[in-house]
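As structure tokens, the structure follows; a few thoughts come after it.
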Amino acid sequence: MATSRQPWRVGLTGGIGSGKSTVGQMLAALGAVLIDADQISREVTGPGGAAMSAIQSTFGDAYVDASGALDRARMRQLAFSQPEARSQLEAIVHPLVALHSEQRIEQALQAGAGLIVHDIPLLTESGRWARQLDAVVVVDCTEQTQIARVMHRSGLSAEAVQGIMASQATRSARRAVADVVIANEAHCTLQQLQAEVRQVATLFGL
């Protein structure tokens, strides 16, 4: 349990198309420190990123684009055809993401942050987060809403979206690990979502 001196550390998760990133941005606007593992991963694999030297030596120049960043499309193809390549990439990137996350957490603690939010897309699927978090917030909606949102946003087919969803935890599994559920159905306006998020922020001391 977080004390008055120790900020809450909350995990934020939700399936693709749930609105998780929007909720994270709203919490940050209310004063939370947002630790986005995906964003940090993009930074360390970006031009001149901390992972790039090891990626280049492991996979070769073909996997580095003209800007000096990871060639994501080529790497996706490799990881799809050779699962061990994905494991190699994760072995390079994940420790760096963890290190950068801890640095940002330390900065937040020193700055007197009241709430630290970890944006973790695969929180439910990972067994390692439970001991590090005070609570889990799940952004939830129906599968039909997820599919419609992602199709509209990304131009993917319903089958492609369903394929991505099949690789993620089920809605019921996410809800099972939730301490707080934020409902974000298709009929939910940004103002209504903002009101829900404000309630959550208040719950965790903001």
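These numbers were taken from a predicted model, which means no experiment stands behind them.
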| Verify same cluster id: Val150, Val23 (apolar side-chain graph, 4.5 Å) | no
| task | Considering non-hydrogen atoms only, spot the tightest contact between Gln192 and His187 and give its length. | result | OE1-O, 3.6 Å
| message | With side chain to side chain contact (heavy atoms under 4.5 Å, CB included) as the criterion, how do Gln110 and Glu106 come out once you've worked through the C-alpha distance, each side chain's angles and the decisive distance to 0.1 Å? | response | CA-CA 6 Å; Gln110 291 177 359; Glu106 188 58 38; 3.4 Å; yes
| query | With a 4.0 Å cut-off, would you call Asp140 and Arg174 a salt bridge? | reply | no
| query | Which pair of non-hydrogen atoms, one from Thr13 and one from Pro121, has the smallest distance, and what is that distance? | reply | OG1-O, 3.1 Å
| message | side chain to side chain contact (heavy atoms under 4.5 Å, CB included) for Glu196 and Cys188? Distances and angles first, verdict last. | response | CA-CA 10 Å; Glu196 283 193 85; Cys188 184; 4.2 Å; yes
| When rounded to the nearest 0.5 angstrom, what is the spacing between CD in Gln194 and CE in Met26? | 4.5 Å
| field | Ser167 side chain vs Ile164 backbone, donor-acceptor pair below 3.5 Å | value | yes
| Any side-chain donor-acceptor pair under 3.5 Å between Thr142 and Arg171? | no
| Hey, any chance Leu96 and Val64 share a hydrophobic cluster, counting ILVMFWY side chains that come within less than 4.5 Å of each other, even indirectly? | yes
| query | To the nearest 0.5 Å, how far apart are CE in Met165 and CD in Gln146? | reply | 4.0 Å
| task | Report yes if the side chains of Ile116 and Leu109 come closer than 4.5 Å at any heavy-atom pair, otherwise no. | result | yes
| remark: Between the CG atom in Leu89 and the CG atom in Leu70, the distance rounded to the nearest 0.5 Å is 6.5 Å
| field | Linked, directly or transitively: Leu190 and Val139 (ILVMFWY side chains, under 4.5 Å) | value | yes
| task | With the side chain counted from C-beta on, respond yes when Tyr63 and Gln56 share a heavy-atom pair under 4.5 Å apart, and no when they do not. | result | no
| field | For the student: nearest non-hydrogen atoms of Ser67 and Asp65, plus distance | value | OG-OD1, 2.7 Å
| request: Determine whether Val137 and Asp179 make a side-chain contact, defined as any pair of heavy atoms from C-beta on separated by less than 4.5 Å. | output: no
| message | Tell me whether the count of non-hydrogen atoms from other residues, nucleotides or ligands lying under 6.0 Å of CZ in Arg74 goes above 12. | response | no
| query | Are Thr45 and Val93 close enough that some pair of their side-chain heavy atoms sits under 4.5 Å apart? | reply | yes
| Any chance the side chains of Glu185 and Thr145 put a donor and an acceptor closer than 3.5 Å? | yes
| field | Nearest-0.5 Å distance, CG of residue Leu12 to CG of residue Leu123 | value | 9.0 Å
| Within a reach of under 6.0 Å around CZ of Arg72, are more than 12 heavy atoms found that belong to other residues, nucleotides or ligands? | yes
| query | Taking the side chain as C-beta and beyond, is there a heavy-atom pair between Val117 and Ile35 under 4.5 Å? | reply | no
| request: Could you walk me through whether Phe59 and Ile92 pass the side chain to side chain contact (heavy atoms under 4.5 Å, CB included) test, one step at a time? | output: CA-CA 11 Å; Phe59 297 102; Ile92 295 169; 4.2 Å; yes
| note | When every non-hydrogen atom of Ala32 is compared with those of Leu206, the smallest separation belongs to N-CD1, 3.6 Å
| field | Over all atoms of both residues, closest heavy-atom pair of Trp8 and Phe204 | value | CD1-O, 3.3 Å
| Does the side chain of Asn184 reach to within under 4.5 Å of the side chain of Arg149, using non-hydrogen atoms? | yes
| request: Any chance you could measure Gln88, atom CD, to Ile55, atom CD1, to the nearest 0.5 Å? | output: 11.0 Å
| note | Closest heavy-atom pair, Cys141 versus Ser18, reported as atoms and distance to 0.1 Å, is SG-CA, 3.9 Å
| request: Quick one: pull up CG in Leu133 and CZ in Arg9 and give me the separation to the nearest 0.5 Å. | output: 7.0 Å
| said: I want to check something: taking the side chain as every heavy atom from C-beta on, are Pro7 and Leu115 in contact at a cut-off of under 4.5 Å? | reply: no
| task | Find out whether Val138 and Ile182 are in side-chain contact, i.e. whether some heavy atom of one side chain is under 4.5 Å from a heavy atom of the other. | result | no
| Crowding at CD, Glu143 (>12 non-hydrogen neighbours, <6.0 Å) | no
| Check: Gln77 main-chain N/O paired with Ser81 side-chain donor or acceptor under 3.5 Å | yes
| said: Between Arg104 and Glu43, does any side-chain N to carboxylate O distance fall below 4.0 Å? | reply: yes
